[in-house]
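To start, the structure itself, in structure tokens.
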Amino acid sequence: MEKFDARYLEMAEVWAKNSYCRRRQVGALIVKDRMIISDGYNGTPSGFENVCEDENGVTKPYVLHAEANAITKVAKSGNSSDGATLFVTASPCLECSKLIIQSGIKRVVYRDEYRLTDGIDLLRRAGIEVEKVD
């Protein structure tokens, strides 16, 4: 674990509190050269209602994950995530792991284990450094 890992993860936890989702709030930061170049939390796309779950408490299919929000935000910013580290409060799912690989992120640090490990397995297969921090 690197010196600032725990702090960036704490900041991702604070950022997760911006989420309107009731089932789970997830936060993500993308850090490069010790600078936060992007952030994200799970929620609906821009311009949609800030309600993540339907009337039965099921997450709506168009809710974006924190990692996807952070990656798309950095894409709009003109910054590059190539070689960066992603700090995220929950381990990435398979879909987000594909985005992480394609965005050039080289390291993922997370806190909570997701019930499925296929995302983490894919990241490791791609040669991305993955670290769980308790």
Side-chain angles (χ1 to χ4, degrees):
M1 184 164 77
E2 294 182 13
K3 181 180 176 186
F4 293 99
D5 284 2
R7 293 289 173 256
Y8 285 128
L9 214 43
E10 281 178 43
M11 292 169 76
E13 288 171 30
V14 169
W15 208 243
K17 293 176 179 157
N18 289 317
S19 173
Y20 290 91
C21 298
R22 291 191 307 264
R23 287 183 66 202
R24 172 181 269 188
Q25 294 181 317
V26 180
L29 295 178
I30 299 176
V31 177
K32 187 173 178 179
D33 302 322
R34 294 221 334 249
M35 283 189 310
I36 297 167
I37 61 167
S38 191
D39 53 61
Y41 51 88
N42 56 326
T44 54
S46 299
F48 281 66
E49 74 293 345
N50 287 321
V51 179
C52 296
E53 295 85 8
D54 64 20
E55 58 280 348
N56 299 316
V58 177
T59 301
K60 294 175 182 175
Y62 53 86
V63 167
L64 286 153
H65 288 185
E67 306 94 313
N69 267 326
I71 289 167
T72 53
K73 194 171 176 180
V74 80
K76 281 169 69 174
S77 74
N79 275 320
S80 169
S81 53
D82 198 35
T85 298
L86 172 73
F87 294 88
V88 62
T89 57
S91 62
C93 71
L94 187 62
E95 290 302 311
C96 286
S97 292
K98 292 190 276 187
L99 293 174
I100 291 164
I101 293 164
Q102 291 301 96
S103 69
I105 289 169
K106 293 294 177 229
R107 187 166 172 260
V108 174
V109 179
Y110 70 96
R111 187 192 63 207
D112 297 333
E113 202 75 61
Y114 184 60
R115 60 186 166 81
L116 301 174
T117 62
D118 52 357
I120 293 295
D121 297 340
L122 186 68
L123 292 174
R124 288 200 170 109
R125 188 172 156 201
I128 292 171
E129 186 186 336
V130 178
E131 200 170 336
K132 182 181 190 308
V133 175
D134 293 310

Who passes side chain to side chain contact (heavy atoms under 4.5 Å, CB included) against [X], sequence neighbours left out?
{"X": "Tyr20", "result": "Asn50"}
{"X": "Arg7", "result": "Glu10"}
{"X": "Val133", "result": "Met1, Leu9, Val109"}
{"X": "Pro45", "result": "Phe48, Tyr62, Leu64"}

Asn42 backbone acceptor or donor facing Ser19 side chain under 3.5 Å: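 Pair found, side chain donor or acceptor close to backbone of Asn42.
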Could you tabulate the donor-acceptor pairs under 3.5 Å formed by side-chain atoms of residues 70-77, not counting sequence neighbours?
from	atom 1	to	atom 2	distance (Å)
Thr72	OG1	Ala68	O	2.8
Thr72	OG1	Asn69	O	3.2
Lys73	NZ	Asp39	OD1	2.5
Ser77	OG	Val74	O	2.7
Ser77	OG	Asn79	N	3.0

Taken in chain and number order and not counting sequence neighbours, the residues that satisfy salt bridge (charged side-chain N to carboxylate O under 4.0 Å, His left out) with Glu49 are Lys60
Tell me which donor-acceptor pairs under 3.5 Å the side chains of residues 121-130 have, and how far apart each pair is, sequence neighbours excluded?
from	atom 1	to	atom 2	distance (Å)
Asp121	OD2	Thr117	OG1	3.2
Glu129	OE2	Arg107	NE	3.1

Nearest atoms (heavy-atom pairs only) where Tyr8 meets Arg34: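 Looking at all heavy atoms of both residues, the shortest contact is OH-O, 3.2 Å.
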For the residue pair Gly119 and Ser97, what are the closest heavy atoms and their distance? O-OG, 3.0 Å
Ile120 vs Tyr110, side chain to side chain contact (heavy atoms under 4.5 Å, CB included): CA-CA, chis, key distance, verdict: CA-CA 10 Å; Ile120 293 295; Tyr110 70 96; 3.6 Å; yes
Listed once per pair and sorted, the salt bridge (charged side-chain N to carboxylate O under 4.0 Å, His left out) pairs that draw on residues 93-102, sequence neighbours left out: Glu95-Lys98
Cluster link [X] to [Y], ILVMFWY, side chain under 4.5 Å:
{"X": "Leu94", "Y": "Val63", "value": "no"}
{"X": "Ile30", "Y": "Met11", "value": "no"}
{"X": "Ile37", "Y": "Val31", "value": "no"}

Any pair with a residue in residues 21-33 that passes side chain to side chain donor-acceptor pair (under 3.5 Å), sequence neighbours left out, goes on the list, sorted by first then second residue, please. Arg23-Thr59
Selection residues 34-123 - residue pairs positive for disulfide (SG to SG under 2.5 Å), sequence neighbours left out: Cys21-Cys52
Identify each donor-acceptor pair in which a side-chain atom of residues 81-91 lies under 3.5 Å from a protein atom, sequence neighbours left out, and give them as a table.
from	atom 1	to	atom 2	distance (Å)
Ser81	OG	Ser103	O	2.7
Thr89	OG1	Gly27	N	3.1
Ser91	OG	Tyr114	N	2.8

Linked hydrophobic residues, Val51 as query - side chain contacts closer than 4.5 Å: none
Can you measure from CD1 (Ile36) to CG (Leu29) and round to the nearest 0.5 angstrom?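 If we round to the nearest 0.5 Å, Ile36:CD1 and Leu29:CG are 5.0 Å apart.
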Would you say CD of Gln102 has more than 12 non-hydrogen atoms from neighbouring residues, nucleotides or ligands within 6.0 angstrom? no
